[in-house]
Amino acid sequence: CTALNGIPEGLFDSCTGVTTFNRTFYGCAALTAIPAKLFANCTEVATFEGVFSGCSGLVTIPAGLFEKLTSVTTFDSAFYGCRALTTVGDRVFAGCTGATTFASVFEGCTGLVTIPADVFAGCSGVRSFYRSFLGCTGLAMVPPELFADCTGATTFYTTFYRCTRLSEVPAELFSGCTGAKSFYKTFGECTGLSEVPARLFADCTGATTFEGVFSGCRGLTTIPAGLFADSASVTTFFEAFYECTGLTAIPSGLFADCVSVTTFRRTFYGCSGLTMLGDNVFAGCVSATTFEDTFYGCTGLTTVGDGVFAGCTSVTTFYRAFYGCTGLAVLPAGLFENCTGVTSFYQTFDGCSGLMTIPDGLFAGLASVTTFRETFNGCTGLTTVGDGLFAGCVSATTFEGTFYGCTGLESDVNDILPAEEYPQITSVYRCFYNCRSLQGSGCALIEKLPGVTSYADAFYNCVSLSDFRTLSERYPVWV
């Protein structure tokens, strides 16, 4: 009924036994207002799903519209896509104790600027705020008490996703929400958000996911210490701060002792403004198995603190962990110390063109590692490699492209791999490709590699080797 522009008072006064108003006024684009007592006598209603969904001309919702309708279980999409809506009255859903979901209730209400503090007052049975305010691009503030009576809510999945005008979040917003499990992209793409309170999630001790919680928050410049201090049940921080390009620093111990987390994949992916990584950031994350792409594309990163991965004994891969961190010049000693379960450093520092030196024993004692494929590929600024870099890496079979394109590398090749023999190594394909400043004897290294089956271009254009001419004649495939 796209031409419907008004609803008479008392229209449903005699409908005391009605149980559903599912999509009753769906798509009534000309409707601008709703009578305050429209549903006052409808005490048996169980669902108002989509009741005013698509009423794109609706400007205001009267105070107490659904107040004390205790039989209602769902308000899913009740005002979905009401783009002209600017005013929500007080206590609209107050006392709806049977309501379990407010999923998408105001999704796409782009004109909405504020929300009353008591709009959900007394809604003690609610479990879901899935997409409740998603795409409310005009929403500028959220009251601290918004969820005060909703302590049983379990999911805040994309609740404020793409609320681009939202500039701050009150510290008390989730106070008492001890049942909350999911904060999946709760504030994702909130590009106006500049800061986050330190104790925002302090009461959410049962939370299991913070996947994408602040992803795309390009205005966010700082993360407070202690933000995830009570997160022992969390299993994932996948893309938690994905492409937060305004972020400049990560505080020490941010995820320390998050003992249930299994993945930090892409957590700070594309945070190009990030310059500093504090001490012990992931210390004690004993269940974490992957740091894949964790700092991928953090081009401004210059400082990595001590003990960042301390105690991460279950991690198996650092695939592309620092890929493209072009501002990174030095690495702290012991960066991967005690990461005894790691098997792969594939492309870990690929494209770190500003990296100048590698500390002694960076990978020493990591007996489970099988591959160092392209670990330092394209590190054109690298000049020296510390002693004992691969000491004790007895399972490492692959060194394909490990130092590919490291044109400034001046270390002696036999100091990089100093043992008398490396019987476990099967591939050195393009290992030192175009390392034109590399020193030492290539022939001597070849003699240490009895099990190698893949070796093409291992010393391609390594013209500074003392026996490069001999290599070209005796081992042409290697060069």
Side-chain angles (χ1 to χ4, degrees), residues 127-130 147 150-161 169 171-188 190 193 196-217 220 222-244 247 250-269 271 277-295 307-318 321 339 341:
R127 295 295 179 264
S128 175
F129 284 100
Y130 173 78
F147 305 120
C150 308
T151 54
T154 60
T155 181
F156 290 94
Y157 187 109
T158 62
T159 302
F160 299 101
Y161 189 80
V169 178
E172 306 88 352
L173 185 61
F174 302 114
S175 290
C177 294
T178 55
K181 301 292 184 184
S182 175
F183 286 95
Y184 176 87
K185 294 190 177 182
T186 303
F187 300 100
C190 289
L193 192 63
V196 179
R199 304 298 288 166
L200 181 62
F201 306 113
D203 289 349
C204 307
T205 53
T208 58
T209 177
F210 281 102
E211 180 173 335
V213 61
F214 297 107
S215 62
C217 293
L220 190 64
T222 60
I223 303 173
L227 182 61
F228 303 113
D230 302 290
S231 302
S233 299
V234 177
T235 61
T236 177
F237 282 99
F238 175 64
E239 293 189 351
F241 296 94
Y242 179 90
E243 292 193 347
C244 290
L247 195 63
I250 300 171
S252 294
L254 180 62
F255 304 107
D257 299 321
C258 290
V259 294
S260 299
V261 177
T262 60
T263 178
F264 285 99
R265 183 170 173 244
R266 296 163 68 112
T267 302
F268 296 98
Y269 184 107
C271 293
L277 179 58
D279 298 336
N280 303 308
V281 173
F282 305 104
C285 294
V286 294
S287 300
T289 60
T290 178
F291 286 93
E292 179 180 332
D293 293 335
T294 303
F295 299 102
V308 170
F309 303 112
C312 295
T313 53
S314 297
V315 62
T316 60
T317 179
F318 283 98
C339 296

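These figures come from a predicted structure and were not determined experimentally.
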So among Phe210, Phe147, Tyr161, which one has a ring pair (Phe, Tyr, Trp, His ring centres under 6.0 Å) with Phe156? Phe147

Compare all side-chain heavy atoms of Phe295 with those of Ile250 and state whether any distance is below 4.5 angstrom. yes

Taking only residues two or more places apart in sequence, or in another chain, which ones meet Ala283 in a side-chain contact (heavy atoms from CB on, under 4.5 Å)? Asn280, Ala310

Can you list the residues that meet the ring-ring contact (aromatic ring centres under 6.0 Å, His included) rule with Tyr157, with sequence neighbours excluded? Tyr130, Tyr184

Val315 versus Cys339: any side-chain heavy-atom pair under 4.5 Å? yes

Looking at Val261, is its backbone amide N or carbonyl O close enough to the side chain of Ser287 to form a donor-acceptor pair, meaning the two atoms are under 3.5 Å apart? no

Give every donor-acceptor pair under 3.5 Å between a side-chain atom in residues 196-208 and any protein atom, sequence neighbours left out.
unit_1	atom_1	unit_2	atom_2	d
Arg199	NH1	Asp230	OD2	3.4
Arg199	NH2	Asp230	OD2	3.1
Asp203	OD2	Gly176	N	2.7
Thr208	OG1	Lys181	O	3.3

Got a donor-acceptor contact below 3.5 angstrom from the Ser260 side chain to the Ala232 backbone? yes

Those residues that, when tested against Phe238, pass ring-ring contact (aromatic ring centres under 6.0 Å, His included) (two or more places apart): none

Find the distance between OG1 (Thr186) and CZ (Phe129) and round it off to the nearest 0.5 Å. 12.0 Å

With a 4.5 Å cut-off on side-chain heavy atoms, are Leu193 and Phe214 touching? yes

Straight-line distance of Cys244 SG to Glu239 CD, nearest 0.5 Å: 10.5 Å

Any side-chain heavy atom of Phe187 within less than 4.5 Å of one from Leu220? no

For Val286 and Thr313, work out which heavy atoms get closest and say how close. O-OG1, 4.1 Å

With rounding to the nearest 0.5 angstrom, report the CD to OG1 distance, Glu292 to Thr263. 8.0 Å

With sequence neighbours excluded, residues passing salt bridge (Lys or Arg N to Asp or Glu O under 4.0 Å) with Glu211: none

Result of checking Phe264, Phe268, Phe282 against Phe237 for ring pair (Phe, Tyr, Trp, His ring centres under 6.0 Å): Phe264

By side-chain contact (heavy atoms from CB on, under 4.5 Å) - contacts of Glu243 (at least two apart): Tyr269

Determine whether a donor-acceptor pair (N or O, by modelled atom type, separation under 3.5 Å) exists between the side chain of Thr158 and the backbone of Lys185. no

Ser215 side chain vs Gly188 backbone, donor-acceptor pair below 3.5 Å: no

Do the rings of Phe228 and Phe255 sit parallel, tilted or perpendicular, given the 30° and 60° boundaries? parallel

